[in-house]
Novice: 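Would you mind keeping the following structure in view while I ask a few things?
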Protein chains: 2
Amino acid sequence: MKNFYQKQHTFCQAVDCVIFGFDNGAIKLLLIHRKLEPYKGKWSVIGGFLQKKETLDNAAIRIVHDLTGLNNVFLEQLHTFSDPNRDPGGRVLSTTYFALLKINEYDKEKTKSKNADWFELNKLPSLIFDHTDMLKCALKHIQQKNRYQPIGFELLPEKFTITQLQKLYESLYGKTFDSANFRKKILSYGLLNRLDEKDKNHSKRGAFYYCSDKKKQIKQTSANLFFHM
Amino acid sequence: MKNFYQKQHTFCQAVDCVIFGFDNGAIKLLLIHRKLEPYKGKWSVIGGFLQKKETLDNAAIRIVHDLTGLNNVFLEQLHTFSDPNRDPGGRVLSTTYFALLKINEYDKEKTKSKNADWFELNKLPSLIFDHTDMLKCALKHIQQKNRYQPIGFELLPEKFTITQLQKLYESLYGKTFDSANFRKKILSYGLLNRLDEKDKNHSKRGAFYYCSDKKKQIKQTSANLFFHM
DNA sequence: ACAAAAGTGTTGTCCATACACCCATGG
DNA sequence: CCATGGGTGTATGGACAACACTTTTGT
């Protein structure tokens, strides 16, 4: 490839993925023990370096796949961190992604072998570099985004009950919701399909399973936004 | 500085700023004629390369200042574009920022000398590389963000009338609003201070000037969001 | 039978919309 | 004196929070 920009300084480019899961009523994050210096052995968000002919998106997909074995994970770019001193090991820019995965589907062998483990949001270990900022950034973004485009489903199994979804929302926003109103509101969006099957694990009566219907898109108007358009 | 990452491939890092202004009832973008190959002479978003010891934020500030002479511009990072073929001149990652500036304050000499000019949103020239994507990304982001955190003021002069603000919103969302309701809604947020002065340019009666009170922050709850928290 | 979760119905309040109406003033 | 944009008041409907209520079924 030609290069018109020979004189420009170049930078290492990392991709860090904040991986969210939902398990047992709590939002969790997947973190790993670093295998590389510096800060070898400390906890960090999962990351890697951008390869020569790769897009950032593809790098994020590769990194998540290498750790979890999953391919169809909800991934979105968040922010690029660039403080010259953010990584004591060298000048590295890092583009952060967040990932939402169904915690019942990932490859436990793989994550185990890479020394990765899940942490609840309020029980996080201390992290290297600016990874705490990345995490705050990711959490805040998900909270915001979920208000106008429900992405919570990505954290639940294919089939889930309304109560499960409510627990997820409650964990995400750190507050409880009235279950009658939650149910009505969520269903009013018309994004869920009720299945015939019931979940009998949590109640005697049983709760219907639902699945998200990806063909259906929420209408902008039905989410109350700053201005009603 | 030490470098633990000698073996990693490195990349040129650009910063591109989508600069918005508001003039004569229309949102406008500041674009420049490229002085460098490739695509010398074509229109593009204003950009530059990240320097060795610079953060992306500082690079964006520098780039906007160099073009407009302004220092206190509202700037926010948007997205990092990374397609290996996005720039035919070499492998360059580009982090996009959007900037909102008060169009009555910028340095016209400077922009003139750099062959920059303002374009209305619906009269844009064709742009190089992925700059059209950057622009779409910026516009969409501002529309979204403005719903829950009003940033429109940043595009208006220090003193402005409610009607001016409404025209800005109408231009931003491409639709008209009922002026009675617009006025009530905007004022209900309590973010504006009414001045004693009136603008007599647009009506005989005159319209009060307002200024945004930066000490006052909108309460999350007062913006109707996806879930009321 | 009853506990406990699932799910429905009802009501008051708030708020966005629509629109009628008054105000001020330059020509 | 009236046209024009600035600004206020009010009626209506829809959405949501609160909460009372019914359904189902395993023990």
Novice: Verify, without hydrogens or angle tests, whether B/Glu105 (side chain) and B/Lys102 (backbone) share a donor-acceptor contact under 3.5 angstrom.
Specialist: no
Novice: Could you state the atom-to-atom distance from CZ of B/Arg194 to P of D/dG6 in whole Å?
Specialist: 14 Å
Novice: For nucleotides 18-27 of chain D, give me one character per nucleotide, 5' to 3': B if any protein heavy atom sits under 4.0 Å from the base, S if the only such contacts are to the sugar-phosphate, - if neither.
Specialist: BB---BBBB-
Novice: For B/His202 and C/dT25, what is the distance between atoms NE2 and C1' respectively, to the nearest whole Å?
Specialist: 16 Å
Novice: Report the residues that fulfil side-chain hydrogen bond (donor to acceptor under 3.5 Å, both in side chains) with B/Asp130, sequence neighbours left out, ordered by chain and then residue number.
Specialist: B/Arg86
Novice: Measure CD/B/Glu170 against P/D/dG5 and give the value in whole Å, please.
Specialist: 14 Å
Novice: Roughly, in whole Å, what's the span from CD1 in A/Ile186 to C1' in C/dA6?
Specialist: 16 Å
Novice: Suppose we call two aromatic rings close when their centres sit under 6.0 Å apart. Are A/Tyr209 and A/Phe160 close by that rule?
Specialist: no
Novice: Separation of B/Tyr209 atom OH from D/dG7 atom C1', in whole Å?
Specialist: 17 Å
Novice: Can you measure from SG (A/Cys137) to CG (A/Leu135) and round to the nearest 0.5 angstrom?
Specialist: 9.5 Å
Novice: For residues 107-121 of chain B, which residue pairs pass the side-chain hydrogen bond (donor to acceptor under 3.5 Å, both in side chains) check, not counting sequence neighbours?
Specialist: B/Tyr106-B/Trp118
Novice: Given atom CG of A/Leu165 and atom P of C/dA6, what is their separation to the nearest angstrom?
Specialist: 13 Å
Novice: For A/Lys185 and C/dT8, what is the distance between atoms NZ and C1' respectively, to the nearest whole Å?
Specialist: 19 Å
Novice: What's the CZ-P distance between A/Phe160 and C/dA6, to the nearest Å?
Specialist: 15 Å
Novice: With a non-hydrogen cut-off below 4.0 angstrom, is A/Thr163 in contact with a base, only sugar-phosphate, or nothing?
Specialist: sugar-phosphate
Novice: I'd like to know if the side chain of B/Gln77 and the backbone of B/Thr95 have a donor-acceptor N/O pair within less than 3.5 Å.
Specialist: no
